[in-house]
A.B. asks: 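Let me begin by handing over the structure; questions about it come next.
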Amino acid sequence: MLILKIAFRNIFRQRRRSILTALTMIGGYVLLSMALSISEGTYGTVIENFSKSYTGHVQLHKKGYLNKPSLYRTLNDYKSVDKILKTVEGVKSWTPRIFSTALVSKGKKTAIARIVGIDPEQEAKTTSISDKIREGKFIDSDLDTTKDTIKNTVKNEVMVGAGLAEILNLKLGEEIVLVSQGADGSISNDIFKVVAILKGDIFSVNRNYCYMNIKVAQSFLSLENRFHEITIALDHYKYAQQKANILDKTFKDMNNNNVGNKDNNGNNGNNGNNGNNGNNGNNEIEVLPWPVIEKQFYDTMTFEKRGMRICLFIIVIIVAIGVLNTVLMTILERTIEYGILRALGTRPFMLFRMIILESGFLALISIVIGFILSFIINYLVSIYGIDYPAPMDIGGFSITTMYGLIYPGAFSTPAIVTFFTALVVSIFPAIRAMKIIPVEAMRMN
Amino acid sequence: MKEHPKEHSKEHLVKEYPVINPDILRTENIIKTYKSGEIEVEALKGVNISIKKGEFTAIAGPSGSGKSTFLNLLSGLDRPTKGVVYLKEKPISEMSGNQLSDFRRDHIGFIFQSYNLIPVLTVKENIEYIMLIQGISEGERKKRVNDILHAVGLMGMEKRRPSQLSGGQQQRVAIARAVVSRPDVILADEPTANLDSETANNLIDMMRSLNETKGITFLFSTHDKKIMDRSKRLIILKDGRIDSDKGLPDQLSL
């Protein structure tokens, strides 16, 4: 107990030096905390943005679709998938989609567009496409995709991306002609009315997209009751891999329960309407979390985070040198005192403990102050952000503002790093103190 | 009450064979040589003494005569080049680092010329320090601290830090710290050198009183004539050898 007291009180003996050392540790803590908070916050914002605006956190496809998309690689039993997704905790919402490419014409102008068939109601729950409407209205949702037949009149409405609208000089209410190939091998073509033009800058993924009701798209592409993708939104993007694993296992179990049933959909394009085939169409479901879907972004992010670790390491080194310098100075200054303590019968290891404790106390005080300061800073950065002078491209995504994120790791990691750095660098001076020979130390008196 | 047979036999022994006051400290032909490059300086050239319980002994001599070196060897702070130091007939020269620490903690009390109190601790905590590392219970510590504060006249000052005390008061705290752990011997290296004459006299009186009332053994290294005059035994060191030893232990009233 007295050793604790001595260690604690020693901090206040050379106040100026202790303050300077504490400032080094506080500075290190705040920098570490800010770096972690901004890194997680910025990347988190980007991930949330792209997953919310389009990708989702997890996607379901027919096996191989992501690497080699094909009109014919479809899933066909939405009901079973829907039933499973409802049972998985942390799955917030999901939406089916189908995709194709089409020629879009308006008058003499023609462009290539990516057709995306969406369920308007589910899409609005899962992504933020509805927020991206620059002008117009969201496509009609009075078509029930959970039913096997279209119960309402199909409305050929489309929402077009800003790029497509620009190329074709499209205005709201105008009509366009879409020409594509149907899954049955026929040439599909139809007239569609532009009901919305979406926002989008040069980085937007949906610049040349043409959204329509999934029922309309299924009919247009002869893909009745089939879909290419289910986009899933989770409570948080961090759970993507975990939930993907759960879903993957669930779908595999579901397949095992249906052993003997073969997928009759094949890839030959001649399978027609398989909507009533039970689970047969889903026995090759591939569950992919966002790091796989957005691999380029994920790789860039991982690489940049590794780069950041070097910066963090440099901060740790600065803190370590600061603490080491102080503790070494302290040992030198208190050589006589340590000699006396040894003379009085203090065992060498008690001196070691005393020095380590002193550094530990100073580190704890610094951590408390650092925590308060970094919490305030991170909180402000998480609300107001820090603008980049110009938009920055990370793995194909544009970042204009850095945001902080308040999460336990942004405070616990710097705390652990600061505390253990202080302790570790104190070991060497503490060993030196242990080796002090009392009679020689006291001769310095 | 039933008489304890062992106590009875002990009493019998005491009557039959008078208890001989044993040596607390004893040296056998102590030699200490310092090396400074090529030069070797022999600080002690074969010193033999024995210190018995209750002595109030001063070791005097001119500067460089080896007084402090001798005290350092007796306390286990330093090791002799040749010869052996015995504490209660145990050779301390052979002890390891931790054993020596424990030995100093349990058997030796120190009083230094420049007090050497721990600046961040209060008077009470400084006095308590050795008892704490000895593992003495809180109640016992409290009792002993109160007793010794009375004895050294520092009541009411227990919460002060050393920097808030005069030199004399600091040396009283040092004496209290040395005495309170009840060591076998207190080694005092020039304890009055930094004090004025009146304060020095008071402290010598106090130490003499502790010696007489509590039977504490004191061994001084000193230049101070006041200590030499008040000591029961005076050893003069000259050029690393004992020049004279007046007032041998068998002449002391124990």
Side-chain angles (χ1 to χ4, degrees), chain A residues 1-18 326-327 329-355 357-362 365 430-445, chain B residues 32 34 43 68-69 71-79 96-122 124-136 138 141 161-163 174 177-178 180-181 183 187 189-190 193-194:
Chain A
M1 191 62 194
L2 206 58
I3 293 290
L4 272 175
K5 267 187 195 170
I6 296 173
F8 186 73
R9 290 178 190 171
N10 273 339
I11 295 171
F12 303 99
R13 283 172 74 177
Q14 285 287 341
R15 279 188 194 165
R16 199 175 297 170
R17 192 195 302 149
S18 293
T326 308
V327 184
M329 278 297 292
T330 304
I331 304 297
L332 191 70
E333 198 180 77
R334 297 188 199 145
T335 302
I336 299 166
E337 198 174 308
Y338 292 138
I340 291 156
L341 287 172
R342 291 276 290 110
L344 293 177
T346 309
R347 283 184 167 200
F349 188 69
M350 278 178 86
L351 278 188
F352 178 88
R353 249 176 36 195
M354 194 188 291
I355 290 154
L357 278 170
E358 190 177 332
S359 299
F361 277 134
L362 196 58
I365 294 168
I431 289 171
R432 279 189 65 173
M434 273 172 79
K435 289 181 177 172
I436 284 174
I437 298 164
V439 71
E440 284 177 10
M442 286 192 296
R443 238 176 244 147
M444 293 167 74
N445 209 343
Chain B
K32 180 67 185 176
Y34 291 110
S68 294
T69 302
L71 235 58
N72 289 337
L73 295 175
L74 290 179
S75 61
L77 286 174
D78 207 354
R79 291 178 193 272
S96 69
N98 274 342
Q99 281 174 325
L100 271 176
S101 293
D102 294 350
F103 156 77
R104 287 195 295 267
R105 180 194 67 194
D106 296 332
H107 300 287
I108 309 284
F110 286 97
I111 301 169
F112 301 100
Q113 179 180 337
S114 43
Y115 330 126
N116 287 337
L117 302 175
I118 303 164
V120 290
L121 298 182
T122 62
K124 179 178 168 279
E125 288 163 345
N126 263 291
I127 296 171
E128 262 191 315
Y129 181 79
I130 299 170
M131 288 193 289
L132 259 162
I133 58 175
Q134 279 177 327
I136 291 170
E138 195 185 345
R141 284 200 315 265
R161 295 271 177 98
S163 57
R177 178 178 67 183
V180 79
S181 60
L187 303 178
D189 191 6
E190 309 273 8
N194 287 349

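Note on naming: letters A, B, ... go to the chains in the order of the sequence lines (proteins, then strands), and numbering restarts at 1 for each one.
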A.B. asks: If you round to the nearest 0.5 Å, how far is CG of B/N116 from CD1 of A/I336?
C.D. replies: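 Those atoms lie 8.0 Å apart.
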A.B. asks: Can you tell me how far the CZ atom of A/R334 sits from the CD1 atom of B/I118, to the nearest 0.5 Å?
C.D. replies: 12.0 Å
A.B. asks: Mind running salt bridge (charged side-chain N to carboxylate O under 4.0 Å, His left out) on B/E125 and A/R9 for me, showing each step along the way?
C.D. replies: CA-CA 13 Å; B/E125 288 163 345; A/R9 290 178 190 171; 2.4 Å; yes
A.B. asks: Under a 4.5 Å heavy-atom cutoff, which of A/L344, A/T346, A/L341, A/N10 has the most pairs with chain B?
C.D. replies: A/L344
A.B. asks: Pick from B/E128, B/R177, B/Q113: which one has the most heavy-atom pairs with chain A under 4.5 Å?
C.D. replies: B/R177
A.B. asks: Between B/R161 and chain A, with a heavy-atom cut-off of 4.5 Å, which part of the residue counts as in contact: side chain, backbone, both or neither?
C.D. replies: side chain
A.B. asks: Write down the atom of B/F112, the atom of A/A343, and the distance for their closest heavy-atom approach.
C.D. replies: CZ-CB, 4.3 Å
A.B. asks: Crowded around B/K32 NZ? As in, over 12 foreign heavy atoms under 6.0 Å?
C.D. replies: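 For B/K32, atom NZ is crowded (more than 12 foreign heavy atoms under 6.0 Å).
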A.B. asks: Flag yes if more than 12 heavy atoms outside A/R432 fall under 6.0 Å of its CZ atom; otherwise flag no.
C.D. replies: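 Result for CZ/A/R432: open.
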A.B. asks: Where on B/N98 is there a heavy atom nearer than 4.5 Å to chain A: the side chain, the backbone, both, or neither?
C.D. replies: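 Both the backbone and the side chain of B/N98 come within 4.5 Å of chain A.
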A.B. asks: Tell me, out of B/L100, B/N72, B/D102, B/I108, who's got the most heavy-atom pairs with chain A below 4.5 Å.
C.D. replies: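 With the most close heavy-atom pairs to chain A, the winner is B/D102.
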A.B. asks: Sub-3.5 Å donor-acceptor pair from the side chain of B/R104 to the main-chain atoms of A/R342, do we have one?
C.D. replies: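 The answer is yes, because a donor-acceptor pair under 3.5 Å joins these two groups.
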A.B. asks: Is it the side chain or the backbone of B/Y129 that comes within 4.5 Å of chain A heavy atoms, both, or neither?
C.D. replies: both
A.B. asks: So with a 6.0 Å cut-off around CD of A/E333, is the heavy-atom count from everything else above 12?
C.D. replies: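 It does: A/E333 CD has more than 12 such atoms within range.
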